[in-house]
Amino acid sequence: RDPPPEREDSDSSDDGPSKLELLARQLDALRQAGELPDHLVDPPTPPPILSSFDADGLAAYINDGNERDIVVMGGAGMSTAAGIPDFRSPGTGLYDNLQKY
């Protein structure tokens with residue numbers, strides 16, 4: 001099987017298909033003929049990193065010595081759920097009550 005002709009100018013769409021389009025056609029032809037290697041047809045699924053997607057799974061991953069540097073990103077509501085007053089609420093927020101501190 002002869003490879004498709006290469007184009008020198010891949011940005012122009014007036015002269016026919018681009019190199020990417022030609023590659024896609026060639027891969028499609030190989031797929032239809034059953035000639036693609038298995039790892040390209042159905043790539044293997046990597047094993048899961050965490051045993052479960054909860055605090056226990058994360059703790060097990062850390063305790064197994066897999067990670068040493070951990071960054072936690074939290075959003076609005078995490079502190080208030082832990083009993084820390086929010087910053088902006090009128091009357092109860094920390095900003096509204098700065099004079100107390």
Side-chain angles (χ1 to χ4, degrees):
R1 186 179 288 179
D2 293 328
E6 289 192 13
R7 292 184 47 217
E8 292 181 16
D9 177 15
S10 62
D11 293 331
S12 173
S13 61
D14 296 338
D15 298 329
S18 68
K19 288 181 182 180
L20 182 60
E21 291 168 324
L22 292 172
L23 178 60
R25 289 179 191 173
Q26 188 175 21
L27 285 173
D28 191 46
L30 289 171
R31 185 180 305 109
Q32 289 178 6
E35 296 177 10
L36 281 179
D38 290 340
H39 71 279
L40 292 178
V41 174
D42 190 17
T45 303
I49 294 173
L50 300 176
S51 58
S52 61
F53 294 107
D54 56 10
D56 291 333
L58 182 59
Y61 181 73
I62 294 168
N63 288 330
D64 287 344
N66 293 304
E67 290 299 323
R68 295 183 344 189
D69 300 322
I70 299 171
V71 176
V72 176
M73 298 177 68
M78 283 185 68
S79 57
T80 54
I84 300 170
D86 68 75
F87 195 75
R88 292 184 229 159
S89 292
T92 59
L94 292 175
Y95 183 76
D96 200 32
N97 293 291
L98 280 177
Q99 67 279 4
K100 294 179 185 179
Y101 304 105

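Numbers here are sequence positions counted from 1. If you're wondering where the values come from, they're calculated on a predicted model, not measured in any experiment.
Listed by chain and residue number, nothing satisfies the side-chain hydrogen bond (donor to acceptor under 3.5 Å, both in side chains) test with Ser51 (two or more places apart in sequence, or in another chain).
Rounding to the nearest 0.5 Å gives a distance of 11.0 Å between CG of Leu20 and CZ of Arg25. Once rounded to the nearest 0.5 Å, the distance linking CG of Asp56 with CG of Leu50 reads 11.5 Å. Interatomic distance, Leu36 CG to Asp28 CG, rounded to the nearest 0.5 Å: 9.0 Å.
In the displayed structure, Ile49 atom CD1 is contacted under 6.0 Å by at most 12 heavy atoms of other residues, nucleotides or ligands.
Listed for the Glu21 side chain is a donor-acceptor partner under 3.5 Å among the backbone atoms of Ser18.
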